[in-house]
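Residue numbering restarts at 1 for every chain, and letters A, B, ... go by the order of the sequence lines. Computed from a predicted structure; not experimentally measured.
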Amino acid sequence: MTDADVPAQTRTTCFELKGGMLTLTLLELHYFDLDAFETTLREKIRQAPGFFRDLPLVISLDKYQRPAAELDFFQMIGCCRRHSIQVAAVRGGDEDVKRLARNASLAWLPSHAAKNASAEAVPPAAQDHDQAPAAVAVELPQTQVPEAPASTSGSATAARVITQPVRSGQQIYAPEGDLIIMAPVGAGAEVLAAGHVHVYGPLRGRALAGVHGDVNARIFCQSLEAELVSVAGHYKISEDLQGSCWKRPTEVGFRNNELSVRPLD
Amino acid sequence: MAKIIVVTSGKGGVGKTTTSASISTGLAKRGLRTVVIDFDVGLRNLDLIMNCERRVVYDFVNVIQGEATLNQALIRDKRVENLYILPASQTRDKEALTKEGVEKVLNQLAEQFDYIICDSPAGIEHGALMALYFADEAVVVTNPEVSSVRDSDRILGILQSKSRRSELGLDPVKEHLLLTRYNPERVERGEMLSIEDVNDILSIPLLGCIPESMAVLNASNSGVPVILDEESTAGQAYDDAVARLLGEERELRFLDLQKKGIFKRMFGG
């Protein structure tokens, strides 16, 4: 086949199969009880209503310790549907779980532990917030900071806008989209986002972009004085950053399989 | 409506108690009914600086626990009218300060006073949290050095997230920066952060800048709030700070390097 033939051929085929890296929300199941499941889900939705509409969800069994017989995927699907959430797949578990998933027309994915361990290290801070008693824990850490007046917009990929300085010891998290901070981020503070992190001021604390594993996420700041910058778990600490970009407007992204720090001007 | 002002810093030894004593004295001197409360239960110092340690009978914790009435515990200052001190207990621990108890005492004080100054203990533990929880305004005392500035940044974050005003979604606590132990000579030599450096990191309005001065130590040792030493630069700088706290505009003083005589310059003195 010559190169010239390829476009003609793609035009005639009905579809192509491609690989894609997608960010999905995991529902980390601890145990299953329909009432507890629905109550917890309703509570999560109340915290961020826009986030959950038509959300594809993967049920992860990494933390599930109970017998497979107690898993009722039909009830879970039904409950999620009632809240307009679409269960797409099940991750982890043994052959029994696989069969149950197949019966419920759900895709099955191998467990987290079996996959690359590097993703485990992605949101170090987010893990601190895992609240054990809940029946399900969708990772939605609470920050300590009161929301700035101009905070979330109603759109689906809600960015978080913070207008006050982020102080030492504070943590700001944008679980769905970008995080935009229009003030300094102090040393000892931490800002995290599923998407990009923008800091219109000096970045002196830690900034983590793409905490769910999005390697296309970037960090932008007006003056790079950070303790740590991380994109999708790949990080550099202050010592590694002392080069040409220090105290200058900077962009941090993941390119050619490594974290690259580039001046903006 | 009484105004509750917390004097806090995170770090210890930066001058919170000195500042509480001087600010409360300064307010009272202007005729405002003022009470200053020592929240440092177990390590009480305010009574020493205010020179009333020999008159302490009942304390803050006694009042909270109903063992004494507020008026029994309040100590009237002998030098300045309208100034009262509510001392801390030296024998209890900080857990004795309950949120309900502190609120009850503050509400009672609010009926009698215009200003309630809360002298916070160091740290970010229970005692410090109780001192700042009910505050309307905060004076953050900072020395011009990195660890103090870092701790002030931390306490500012706590003021924004853990105070009553933030929990109820009211207007945020009004923040003031008070730089203490400022030494222009050492700033010049690069041994100390400058006002600009500190402001760059904390970015809150500057209430005042107190120059490093022997008068502060002397005043503490003799139990006189330094603001009463009107000859000293520190005393005058505190007076400026009190004026600014009340909304007056005053220029910053004592920031410039002392002009050295020609001989000193020649011989590098």
Quiz prompt | chain B contact via A/Pro165 - which portion, at a heavy-atom distance below 4.5 Å | solution = both
Practice problem: Heavy-atom distances under 4.5 Å only: say whether B/Ile124 touches chain A with side chain, backbone, both or neither. | Solution: neither
Quiz prompt | Ionic contact status for B/Asp153 with A/Arg204, cut-off 4.0 Å | solution = no
Quiz item: How many angstroms lie between OG in A/Ser168 and CG in B/Leu156, if you round to the nearest 0.5 Å?
Solution: 10.0 Å
Quiz item: Does a sphere of radius 6.0 Å around CZ in B/Phe254 hold more than 12 heavy atoms from other residues, nucleotides or ligands, not counting ones at 6.0 Å or beyond?
Solution: yes
Practice problem: Please state whether the side chain, the backbone, both or neither of B/Asp151 comes within less than 4.5 Å of a heavy atom of chain A. | Solution: neither
Quiz item: When rounded to the nearest 0.5 angstrom, what distance separates CD in A/Gln170 from CD in B/Gln160?
Solution: 5.0 Å
Quiz item: When only pairs under 4.5 Å are counted, which of B/Val149, B/Ile201, B/Ile158 shares the most heavy-atom pairs with chain A?
Solution: B/Ile201
Quiz item: Under 6.0 Å from the CD atom of A/Gln65, do we count more than 12 heavy atoms belonging to anything else shown?
Solution: no
Quiz prompt | Within 6.0 angstrom of A/Arg82 CZ, more than 12 heavy atoms from elsewhere | solution = yes
Exercise. Mind listing the closest non-hydrogen atom pair of B/Ile204 and A/Arg167 along with its distance?
Key: CG2-NH2, 3.3 Å
Quiz item: Does CD belonging to A/Gln242 count more than 12 external heavy atoms closer than 6.0 Å?
Solution: yes
